[in-house]
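Side chains are part of it too, since the values below use all heavy atoms of this structure and drop only hydrogens, waters and symmetry mates. Counting convention: from 1, in listed order, for ligands and their atoms alike.
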Amino acid sequence: MQDFSPSADVVGLYSCGPTVYSFPHLGNMRAYVFADVLRRALRWKGYPVRHVTNITDVGHAVADSDTGEDKLEVAAARERRSVEDIAAFYTKAFFDDLAALNVLPADEYPRATAYVPQMIEFAARLEERGVTYRLPSGLYFDTSKSPGYGTLAMMDVAGQREAARVDYVEGRKNKTDFALWRAEEPGVRRAMRWDSPWGWGAPGWHLECSVMSMALLGEHFDIHTGGVDHRELHHVNEIAQSEAYLDDGLPWVRYWLHNEFLVLNNAKIAKSSGPVPRLADLADAGYHPMAYRLFLLGGHYRSQLDFTTQAVDAAQATLRRLVTRVAPLRPLEPVTTLEEARALPGTSGAADGDKTAAGYVEQLDAAISADLATPKILATLQESLRDPDISTEGLRVVVAAADALLGLRLADLDPRDVDGRRSVSDLDAPEVEQIERLIADRTQARKERDWRRADEIRAELEKLGVQVTDTPSGPTWELR
Ligand SMILES: [Zn+2]
């Protein structure tokens with residue numbers, strides 16, 4: 001971050017988005033929280049950002065291969081719905097998760113199906129440049145014509161990569177070559193199909209990101225992000241075709257940032273939806289979405305993170321403590337940039353400024369500048385909240401500044417919302433017995449006109465999150 005300077009007035013930021021054929025799982029969402037922190041970091045430094053995240057609604061074949069069925073078509077057949085319905089449904093699910101995780105909305109969410117004519121033009125230019133060849137199965141990019149192919153992945157193109165590829169394509173010249181256009185097989189009519197110089201068919205998956213990013217951010221832009229799984233195939237291929245297309249001797253994109261995986265070590269939370277849980281599963285288990293965000297930020301984006309019940313429990317407890325501690329400080333100062341944080345009364349260099357608070361703001365800046373060290377930002381925030389020497393005014397600025405980077409909704413999250421609304425079915429038998437015994441005691445106290453005792457019991461029930469309502473047929477209760 002210290003070395004970063006944008007190439008234009010606005011930083012162009014492109015994040016590879018989801019293929020909308022199933023619910024996004026927790027691991028998928030890590031990529032978008034990471035990109036969101038990057039975007040917040042750029043904003044903190046005062047750079048205007050234009051952020052684009054694509055929606056892949058065509059072109060992504062099963063197993064990331066060049067042949068075979070499209071993931072959207074498979075899902076449509078499985079769910080007996082149209083491909084458009086599938087795309088719309090899972091796009092909404094993705095947006096719901098982004099909102100729940102407090103990810104700042106991108107400026108554009110282009111859909112691949114809206115850019116097919118541009119993809120055909122792009123592939124046609126590559127064909128003119130002589131870096132492609134035709135096969136009955138479509139148009140292929142010849143990676144032997146791409147100098148430096150695979151540099152991003154630091155891979156041994158000749159060996160490891162050929163072994164890694166599983167799909168076999170008749171006539172392909174090099175095993176790393178990939179489809180720009182996937183032609184329909186004779187006698188097979190795809191659900192999603194376009195006419196092209198290479199016959200009816202659909203674009204290859206890698207093509208869309210090159211085309212949509214250039215259309216919306218310009219031919220060259222600053223930063224491209226994605227999961228580390230894209231580093232070895234998808235991004236390598238995006239670079240190869242884009243640099244062949246531009247043919248200007250410049251690197252297509254200046255910075256590539258990849259987030260590591262989430263490792264699932266625990267089956268408990270997973271049981272409701274198969275092997276990999278979704279954000280909704282966490283919510284059903286009583287965890288707040290911000291607890292998941294906090295869990296992610298507790299690790300560095302370039303490190304694998306172990307997802308365990310203990311870890312997410314700890315994150316939920318930390319969130320609860322943070323929000324409870326911060327709530328009395330509200331309203332927080334409106335801060336999104338370092339410059340604003342430095343200028344606010346609680347921190348400004350003037351004699352009445354708070355040197356302690358100003359010091360914390362500089363620590364936050366050093367942490368975000370050191371390759372987005374979110375664990376350090378969390379630690380600094382917690383330290384400031386325990387510091388007896390900081391003024392309340394200064395603390396308001398530090399908390400707001402930390403949250404401008406972390407995005408944990410510290411300015412507005414209600415402490416009562418953190419633990420969510422549990423339902424009675426989440427309680428075990430002894431808990432239900434305890435509640436019903438207290439209610440019976442309260443009824444008895446009221447009968448005896450012992451109002452003080454009745455109020456005490458009511459307060460005790462409230463602590464347990466139980467709301468009692470007196471009806472003509474006796475008291476009923478529910479969880480708040
Ligand atoms: Zn992509």
Side-chain angles (χ1 to χ4, degrees), residues 12-22 24-25 27-36 38-39 50-66 70-72 87 90-91 94-95 98 103 106-116 118-119 122-123 126 141 143 146 149-153 155 176 178-182 202-246 251-261 301:
L13 171 63
Y14 186 89
S15 301
C16 281
T19 300
V20 283
Y21 71 108
S22 64
H25 60 63
N28 299 138
M29 296 314 291
R30 187 178 187 190
Y32 309 104
V33 171
F34 151 63
D36 186 54
L38 174 60
R39 184 167 164 194
R50 179 163 161 80
H51 188 197
V52 175
T53 300
N54 66 294
I55 303 289
T56 299
D57 57 355
V58 67
H60 197 163
V62 174
D64 298 351
S65 64
D66 284 330
D70 196 287
K71 286 182 173 180
L72 267 291
Y90 290 113
T91 301
F94 172 64
F95 285 151
L98 289 183
V103 169
D107 297 285
E108 302 272 358
Y109 291 102
R111 288 164 171 77
T113 47
Y115 286 81
V116 175
Q118 291 93 320
M119 292 186 217
F122 190 105
L126 291 177
F141 185 89
T143 52
S146 169
Y149 179 78
T151 312
L152 181 77
M155 62 193 183
T176 48
F178 56 92
L180 297 163
W181 190 259
R182 301 179 300 134
W205 169 41
H206 314 297
L207 193 53
E208 65 173 89
C209 286
S210 291
V211 168
M212 295 193 286
S213 61
M214 286 192 203
L216 295 166
L217 295 171
E219 289 184 340
H220 293 280
F221 56 94
D222 286 312
I223 308 175
H224 196 310
T225 73
V228 70
D229 49 327
H230 289 337
R231 194 175 61 197
E232 302 216 330
L233 178 72
H234 182 50
H235 287 170
V236 162
N237 291 345
E238 278 188 46
I239 292 170
Q241 68 196 4
S242 298
E243 295 187 350
Y245 173 89
L246 295 170
W252 171 46
V253 172
R254 295 168 70 222
Y255 297 92
W256 291 82
L257 277 77
H258 296 99
N259 62 280
E260 256 295 347
F261 283 137
Y301 75 91

Open item on the list: Using ring centroids (six-membered ring only for Trp), state whether His206 and His235 fall under 6.0 Å.
Closed with: no
TODO: For Tyr21, enumerate each residue passing the ring pair (Phe, Tyr, Trp, His ring centres under 6.0 Å) test, keeping only those at least two apart in sequence or located in another chain.
DONE: none
Open item on the list: Using every non-hydrogen atom in the two residues, find where Met119 and Ala112 come nearest and quote the distance to one decimal.
Closed with: CE-O, 3.2 Å
Open item on the list: If I only include protein atoms of type N, O or S, how many are less than 2.8 Å from the Zn ion (ligand 1)?
Closed with: 3
Task: Thr113 backbone acceptor or donor facing Asp57 side chain under 3.5 Å - done: yes
- [ ] Using a strict cut-off of less than 4.0 Å between a Lys/Arg side-chain nitrogen and an Asp/Glu carboxylate oxygen, indicate whether Asp222 and Arg254 qualify as a salt bridge.
- [x] yes
Open item on the list: Can you classify the ring geometry of Tyr14 versus Phe221 as parallel (below 30°), tilted (30 to 60°) or perpendicular (above 60°)?
Closed with: tilted
